[in-house]
Amino acid sequence: MDVQWNDLIVRDARALTASEIRDLLKVAERPEITSFAGGVPDPALFPLSDFNSVYRDLMDDDTAGRRSLQYSISEGLPALRQWIVDDLATNGAVRDISNILITCGAQQGLDMLGRLLLEAGRQIVVEKPTYLGAMQAFSMRRPEYVGVDMDDDGPIIAQLEAAFANGARIAYLAPDFQNPTGRSYSLERRLAVLDVVRKYGAVILEDAAYCKLSYDGTSLPSLLALDDTGGDLAAGTVIQLGTFSKTLAPALRIGWVTAPRPVIERLVLMKQAGDLHVSTVNQEVALRAAGRLFPGHIDGLRDAYRHKRDTMLAALDDFMPDGVTYTRPQGGMFIWLNLPENIDSRRLLELALEEAKVAFVPGQAFFCDYSGTNTARLSFATEKPDRIRSGIERLATLIKRVHNQY
């Protein structure tokens, strides 16, 4: 008898679905395609010579080199966690290394927190739209998503309060340069969000993946920084996810979770049951690279991405027809398009790949309720400025033609 895999695979695993973005990237890699699809760093900005020196110096040090090739503790290297604690303090978040767990990218943190906090039917509040990868991580636990609309200052407080009043106790939020919209919360909205969450004894999972990539002025304090615990390392309303993927290199797969001690203690047990610990050598390299490169390298990233953002916004201003609106992000890697209601962005993508040779991500995938059929995410991170401008012009011409056909 043949194995009946569908009968053996558990219900939670059957809830997983393919990522539209991952599937799209296979097509977008074709050289003739101008890709605004991938939310990935520009590889031209990777500091290769510095990494070469860091790896060489590490392996030339007999003691440190051998230690970096050995098993390590599940929490992560103490020196790396201390670096993260010190960096968090520059934004006003006072924590301790016992509040830090090193993860295999922020994505593993999302997966672990989903397994720790979610179960079938438990409600979790998400922004509309929200990060697709978070919903992928959470969906295996089969939660009930409660979507909250956003304006330019952040989530609508009345909707957030209604969600908590109806029983939700967990919210996944991205206050800084959100993937996919590029929006950031105002300081007033951050404080209002925390007030509502505290009122109901709820918890925030704060995604801080893009917080370093601010292009206009100084950064606002994170929700973690605003969550004053009075020095109690076991207390707190906010769990924050961080990463080096957008500032050093994604391939290091170094992320972290900052959380109250009881949460970290449980996550450490999950880490031990999963992959034991994050690569020791990658942690050593990340620590040394961050110490060598920051803050100068981040300043260079900001300059490069600011120029690309400005190029895309100028092209959108010059070429997009009436009826198309878009965000004007102050950081991050994304611009969000709202298209005329008669345009389905999935169908538009098919035409864009075939006719305009342009790739983007249809927006519907980012909505927990499958709305947003006339929206799209554009990333300006990887293409060169001249290709950004010409690609937006071709896309705008296509949008104008499609809109006029209906």
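Side-chain atoms of N91 never come within 3.5 Å of backbone atoms of A93 as a donor-acceptor pair (strictly under, hydrogens ignored). With R141 contributing its side chain and E119 its backbone, the two residues share no donor-acceptor pair below 3.5 Å. Panel note: side chain N99, backbone L233; a donor-acceptor pair is recorded below 3.5 Å. Judged purely by atom type and a 3.5 angstrom limit, R377 uses its side chain to pair as donor or acceptor with the backbone of A37. Between the side chain of Q159 and the backbone N or O of D149 there is at least one donor-acceptor pair closer than 3.5 Å. T243 contributes a side-chain N or O that, together with a main-chain N or O of S245, makes up a donor-acceptor pair within less than 3.5 Å. A donor-acceptor contact shorter than 3.5 Å links the side chain of R190 to the backbone of Y185. A distance-only check finds no donor-acceptor pair linking the side chain of S139 to the backbone of Q136 [under 3.5 Å]. Looking at R169, its side chain never comes within 3.5 Å of a backbone N or O of V203 through a donor-acceptor pair. A donor-acceptor pair under 3.5 Å is formed between the side chain of Q123 and the backbone N or O of A168.
The shortest side-chain heavy-atom distance between H403 and I343 falls under the 4.5 Å cut-off. Taking the side chain as every heavy atom from C-beta outward, F319 and R394 never approach each other to under 4.5 Å. Between L353 and K357 there is no side-chain heavy-atom pair separated by less than 4.5 Å. Side-chain contact between V285 and S68: absent, with no pair of heavy atoms (C-beta onward) separated by less than 4.5 Å. The shortest distance between side-chain heavy atoms of T130 and Y145 does not fall below 4.5 Å. The closest side-chain heavy-atom distance from F360 to S35 is not below 4.5 Å. Using a 4.5 Å heavy-atom threshold, the side chains of V324 and N338 count as separate. Residues L241 and L113 are in side-chain contact: their nearest non-hydrogen atoms beyond the backbone lie under 4.5 Å apart.
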>> I'd like to know whether T280 forms a side-chain contact (heavy atoms from CB on, under 4.5 Å) with L69, so could you lay out the CA-CA distance, the side-chain angles of the two residues, the decisive distance to 0.1 Å, and finally the verdict.
In response: CA-CA 6 Å; T280 312; L69 299 176; over 6 Å; no
>> Determine whether S371 and Q364 satisfy the following criterion, side-chain contact (heavy atoms from CB on, under 4.5 Å), listing intermediate values before the conclusion.
In response: CA-CA 6 Å; S371 58; Q364 188 175 14; over 6 Å; no
>> Before you tell me yes or no, could you show the steps for E383 and R389 under salt bridge (Lys or Arg N to Asp or Glu O under 4.0 Å), namely the whole-Å CA-CA distance, both residues' side-chain angles and the distance that decides it to 0.1 Å?
In response: CA-CA 10 Å; E383 290 286 4; R389 184 167 180 85; over 6 Å; no
>> Please determine whether salt bridge (Lys or Arg N to Asp or Glu O under 4.0 Å) holds for the pair E127 and R183, giving the CA-CA distance in whole Å, both sets of side-chain angles, and the decisive distance to 0.1 Å.
In response: CA-CA 11 Å; E127 300 153 334; R183 290 190 180 107; over 6 Å; no
>> Could you walk me through whether D111 and R115 satisfy the salt bridge (Lys or Arg N to Asp or Glu O under 4.0 Å) test, starting with their C-alpha distance in whole Å, then the side-chain angles of each, then the deciding distance to 0.1 Å, before giving a yes or no?
In response: CA-CA 6 Å; D111 174 67; R115 288 187 284 126; 3.2 Å; yes
> Does the side-chain contact (heavy atoms from CB on, under 4.5 Å) test come out yes or no for I102 and I254, once each step is laid out?
Replying inline: CA-CA 7 Å; I102 305 299; I254 301 295; 4.3 Å; yes
> Step by step, would you call I170 with R122 a side-chain contact (heavy atoms from CB on, under 4.5 Å)?
Replying inline: CA-CA 9 Å; I170 303 168; R122 177 172 288 184; 4.1 Å; yes
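The environment of CZ in R266 is sparse: at most 12 heavy-atom neighbours from other residues, nucleotides or ligands sit within 6.0 Å. Residue R56 places its CZ atom among more than 12 non-hydrogen atoms of other residues, nucleotides or ligands, all under 6.0 Å distant. The neighbour count for E355 CD, taken as heavy atoms of other residues, nucleotides or ligands under 6.0 Å away, is above 12. By the 6.0 Å contact criterion, CG on D232 is enclosed, its count of non-hydrogen atoms from other residues, nucleotides or ligands being greater than 12.
Across S53 and R292, no two heavy atoms sit closer than the pair CB-NH1, 3.4 Å. Here the closest heavy-atom approach between residue T103 and residue V278 is recorded as C-CG2, 3.3 Å. For E206 against S222, the heavy-atom pair with the smallest separation is OE2-CB, 3.4 Å. The two residues R81 and I100 have their closest heavy-atom pair at CD-O, 3.3 Å. Nearest heavy-atom pair, P155 versus V148, reported as atom, atom and distance to 0.1 Å: CB-CG1, 3.9 Å. Contact detail for L132 and F366: the closest heavy-atom pair is N-CD2, 3.8 Å.
For the pair D151 and R189, the salt-bridge criterion is met [side-chain N within less than 4.0 Å of a carboxylate O]. A salt bridge is absent between D176 and K212; no separation between the charged side-chain nitrogens and carboxylate oxygens falls under 4.0 Å. A salt bridge is absent between K271 and E75: the closest approach of a Lys/Arg side-chain nitrogen to an acidic carboxylate oxygen does not fall below 4.0 angstrom. Salt bridge R309/D216: present, at least one basic N to carboxylate O contact under 4.0 Å. A salt bridge is absent between R288 and D57; no separation between the charged side-chain nitrogens and carboxylate oxygens falls under 4.0 Å.
Annotation: the span from I399 atom CD1 to L351 atom CG amounts to 11.0 Å, rounded to 0.5 Å. In this structure, the separation between CG on L267 and CG on L101 is 6.0 Å, given to the nearest 0.5 Å. Distance check, rounded to the nearest 0.5 Å: CZ of R95 to CG of L88 gives 8.0 Å. Annotation: the span from T247 atom OG1 to R302 atom CZ amounts to 10.5 Å, rounded to 0.5 Å. Summarising the geometry, atom CG belonging to D87 is positioned 4.5 Å from atom OG1 belonging to T90; distances are rounded to the nearest 0.5 Å. Rounded to the nearest 0.5 Å, atoms CG (L110) and CD (Q108) are 10.5 Å apart.
In this structure, Y71 and H277 have perpendicular ring planes: the angle between them is above 60°, well past the 30° mark. Using bins of under 30°, 30° to 60° and over 60° for the plane-to-plane angle, the ring pair F294/H297 lands in the parallel bin. A perpendicular orientation is assigned to the rings of W256 and F244, their planes being inclined by more than 60° (bins at 30° and 60°).
Donor-acceptor pairing under 3.5 Å is recorded for the side chains of T181 and Q178. Looking only at atom types and distance, the side chain of S98 has a donor-acceptor partner in the side chain of R261 under 3.5 Å away. Judged purely by distance below 3.5 Å, without hydrogens or angles, the side chains of Q107 and Y131 pair a donor atom with an acceptor atom.
F334 has its ring centre no less than 6.0 Å from the ring centre of F380. Here the two rings, on Y172 and F138, have centers that are under 6.0 Å apart.
Geometric assessment of K128 against the ring of F367 yields a negative cation-pi assignment under the 6.0 Å and 45° thresholds.
None of W336, Y326, F36 except one satisfies the side chain to side chain contact (heavy atoms under 4.5 Å, CB included) rule with L378; the exception is F36.
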